[in-house]
Trainee: 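Once you've had a glance at the structure underneath, I'll fire off some questions.
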There are 2 protein chains.
Amino acid sequence: MTKEDWKKYSEADSECAVRNVLDRLGDKWSMLVIIVLGVEGTLRFNKLHSFIGDISQKMLTVTLKSLEADGLITRTVFPEIPPRVEYALTERGASLLPHMEALAEWAATHMEGIYASREKYVRS
Amino acid sequence: MTKEDWKKYSEADSECAVRNVLDRLGDKWSMLVIIVLGVEGTLRFNKLHSFIGDISQKMLTVTLKSLEADGLITRTVFPEIPPRVEYALTERGASLLPHMEALAEWAATHMEGIYASREKYVRS
DNA sequence: CAGCATCCCCGCGGATACTG
DNA sequence: CAGTATCCGCGGGGATGCTG
């Protein structure tokens, strides 16, 4: 990233790549769903729900719809009774995984120091 | 990331690295501030404000305080009149830059496809 | 110049109940 | 099983005004 590109990252239009990715993945659950699907592979709704645990049914539905709309996951309905719906990463979704892992590793590496900083900050 | 590590990424405790990083950087402005400081180098308050443009003064202050508390940026006050305050990335903050750039590049690469997917999705 | 204080709105997301 | 529909509280964040 060069200085000449800064407009791409700080202007408030739809061309700002960072804002776009943040608006899409910065919500409470999107990245987590992508990671779980990436690690576990194809999962059906309730399985996904139990893996994440503390997400509400509503938000899981909303998140999945949004990711599907963006072409990051696929939703496959099997016309059976009881119904079965399977979710899986698309190639585009899978291409995000390395970045998610990198961020997670960064967080794991620096979490301790960040906590220490914050405590010192609070006390001062 | 192995399957054995999934708990790190989907459990709702403070050990979840992904949730931690998202809670800290997933807000509306943190990543943008880090990127601008990374690209432009040390900046004072109003300069930062004008670079980002559409951030409110309040949110810039709040964001800077949070990043400072986490040890991602430094805040240097020069005891002059009128006052001068300079912000710069710490080493820890700078270590985030490559990941931010990677995400931005991912977004730039896939934005067009994502928009196309979403339009098709809306129409169906 | 670099903020802090206050007011206030709106939309994210949880809880609950219902359906094909 | 895999959702929809509805209600509602909370807090993120904008606008405005004031200060050392």
Side-chain angles (χ1 to χ4, degrees), chain A residues 10-12 16 18-19 22-33 36-37 40 42-70 73-88 121-122 124, chain B residues 10-13 16 18-33 36-37 40 42-70 73-88 121 124:
Chain A
S10 53
E11 283 196 344
C16 176
V18 172
R19 298 202 186 185
L22 272 185
D23 284 351
R24 283 168 197 289
L25 307 174
D27 62 68
K28 203 169 174 182
W29 302 110
S30 290
M31 288 181 66
L32 212 49
V33 167
V36 171
L37 284 178
E40 298 292 327
T42 302
L43 287 176
R44 40 198 301 195
F45 189 85
N46 274 359
K47 202 75 177 169
L48 204 41
H49 197 181
S50 63
F51 261 112
I52 298 189
D54 61 334
I55 189 175
S56 68
Q57 205 173 25
K58 170 188 169 181
M59 287 318 297
L60 181 54
T61 303
V62 169
T63 302
L64 289 169
K65 273 203 190 313
S66 157
L67 293 175
E68 185 200 1
D70 286 354
I73 66 173
T74 57
R75 178 177 185 272
T76 311
V77 182
F78 295 86
E80 312 168 355
I81 294 182
R84 178 161 57 108
V85 181
E86 291 188 345
Y87 294 92
Y121 188 86
V122 170
S124 64
Chain B
S10 54
E11 282 195 344
D13 57 40
C16 177
V18 172
R19 297 202 187 187
N20 257 282
V21 73
L22 273 186
D23 284 351
R24 283 168 196 288
L25 307 175
D27 63 68
K28 203 171 175 183
W29 304 109
S30 291
M31 289 180 66
L32 212 48
V33 168
V36 172
L37 284 179
E40 299 293 327
T42 302
L43 287 176
R44 40 198 301 193
F45 188 85
N46 273 358
K47 202 75 176 170
L48 205 40
H49 196 181
S50 64
F51 262 113
I52 298 189
D54 62 335
I55 189 175
S56 66
Q57 205 172 28
K58 170 187 170 183
M59 287 318 297
L60 182 53
T61 303
V62 169
T63 302
L64 289 169
K65 274 204 187 314
S66 157
L67 293 175
E68 185 199 1
D70 286 353
I73 66 173
T74 57
R75 177 176 186 273
T76 311
V77 182
F78 295 85
E80 310 167 356
I81 293 183
R84 177 162 58 107
V85 180
E86 291 188 345
Y87 294 92
Y121 187 86
S124 65

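Predicted model, so just to flag it, every value in this text is computed and none were measured. All chains are named by letter (A, B, ...) in the order of the sequence lines, taking the proteins before the strands, and each is independently numbered beginning at 1.
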Trainee: Please state how far atom CZ in A/Phe51 lies from atom P in D/dA2, giving the value in whole angstrom units.
Mentor: 14 Å
Trainee: Rounded to the nearest 0.5 Å, what separation is found between the CE atom of A/Met31 and the CZ atom of B/Arg19?
Mentor: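 Atom-to-atom, A/Met31:CE and B/Arg19:CZ are 12.0 Å apart.
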Trainee: Return the OG to CE distance between B/Ser66 and B/Met59, rounded to the nearest 0.5 Å.
Mentor: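 These two atoms lie 9.0 Å from each other.
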Trainee: Using the side-chain heavy atoms of A/Thr61, tell me which of these nucleotides is nearest: D/dT4, D/dA2, C/dA2.
Mentor: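 The nucleotide sitting nearest to the side chain is D/dT4.
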Trainee: Tell me the bend of the helix from C/dC1-D/dG20 to C/dG20-D/dC1 as the angle between end helix axes, each from five pairs, rounded to the nearest 10 degrees.
Mentor: 50°
Trainee: NA contact type, A/Phe78, heavy-atom cut-off 4.0 Å: base, sugar-phosphate, or nothing?
Mentor: nothing
Trainee: How does protein reach along nucleotides 14-20 of chain D, written 5' to 3' as B (base within reach of a heavy atom under 4.0 Å), S (only sugar-phosphate), or - (no contact)?
Mentor: BB----B
Trainee: Within this structure, what is the CZ-to-P distance between A/Arg24 and C/dC12, rounded to whole angstrom?
Mentor: 14 Å
Trainee: When the distance from CD1 of B/Ile52 to P of D/dG13 is rounded to whole Å, what number comes out?
Mentor: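 After rounding, the reported distance stands at 13 Å.
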Trainee: When A/Ser30 is tested against each of A/Val62, A/Asp70, A/Ile73, A/Thr63 for side chain to side chain contact (heavy atoms under 4.5 Å, CB included), which residue passes?
Mentor: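 Among the candidates, only A/Thr63 passes.
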Trainee: Check this one for me: any side-chain N or O of A/Arg84 less than 4.0 Å away from OP1 or OP2 of D/dG3?
Mentor: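 For D/dG3, neither OP1 nor OP2 has a side-chain N or O of A/Arg84 closer than 4.0 Å.
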Trainee: Are any of A/Arg75's side-chain N or O atoms less than 4.0 Å away from OP1 or OP2 of D/dA2?
Mentor: no
Trainee: State, yes or no, whether a side-chain contact exists between A/Tyr87 and A/Glu68 at a heavy-atom distance under 4.5 Å.
Mentor: no
Trainee: Figure out the CG/P separation between A/Asp23 and C/dG11, and round it to whole Å.
Mentor: 14 Å
Trainee: Quick one: are B/Leu48 and B/Phe45 in side-chain contact, heavy atoms under 4.5 Å?
Mentor: no
Trainee: So, do A/Val33 and A/Leu60 sit near enough that their side-chain heavy atoms are less than 4.5 Å apart?
Mentor: yes
Trainee: So do A/Leu64 and A/Arg75 actually touch side chain to side chain, heavy atoms under 4.5 Å?
Mentor: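 Answer no - side chains too far apart.
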Trainee: Between P on D/dG12 and CG on B/Leu25, what's the gap in Å once rounded to a whole number?
Mentor: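 Atom-to-atom, B/Leu25 to D/dG12, this comes out as 15 Å.
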Trainee: Which of the following nucleotides, D/dG3, C/dG3, D/dT4, is nearest to the side chain of A/Lys65?
Mentor: D/dT4
Trainee: Give me the atom names and distance for the closest heavy-atom approach of A/His49 to A/Ile55.
Mentor: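 Looking at all heavy atoms of both residues, the shortest contact is NE2-O, 2.8 Å.
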Trainee: Look at B/Arg44 and C/dA2 and indicate whether a side-chain polar atom (N or O) is within less than 4.0 Å of OP1 or OP2.
Mentor: yes
Trainee: Check the distance between C/dG13's P and A/Leu64's CG and give it to me in whole angstrom.
Mentor: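 Rounded to the whole Å, the gap is 14 Å.
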Trainee: Send over the distance from B/Asp27 CG to D/dG13 C1', rounded to a whole Å.
Mentor: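 For the pair B/Asp27 CG and D/dG13 C1', the rounded distance is 11 Å.
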Trainee: Within the structure provided, determine whether A/Trp29 and A/Asp54 are in side-chain contact (heavy-atom separation under 4.5 Å).
Mentor: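 Heavy-atom side-chain distance check passes, below 4.5 Å.
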Trainee: Rounded to the nearest Å, what distance is computed from the OH atom of residue A/Tyr87 to the C1' atom of nucleotide D/dC1?
Mentor: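 The distance from OH of A/Tyr87 to C1' of D/dC1 comes to 11 Å, rounded to the nearest Å.
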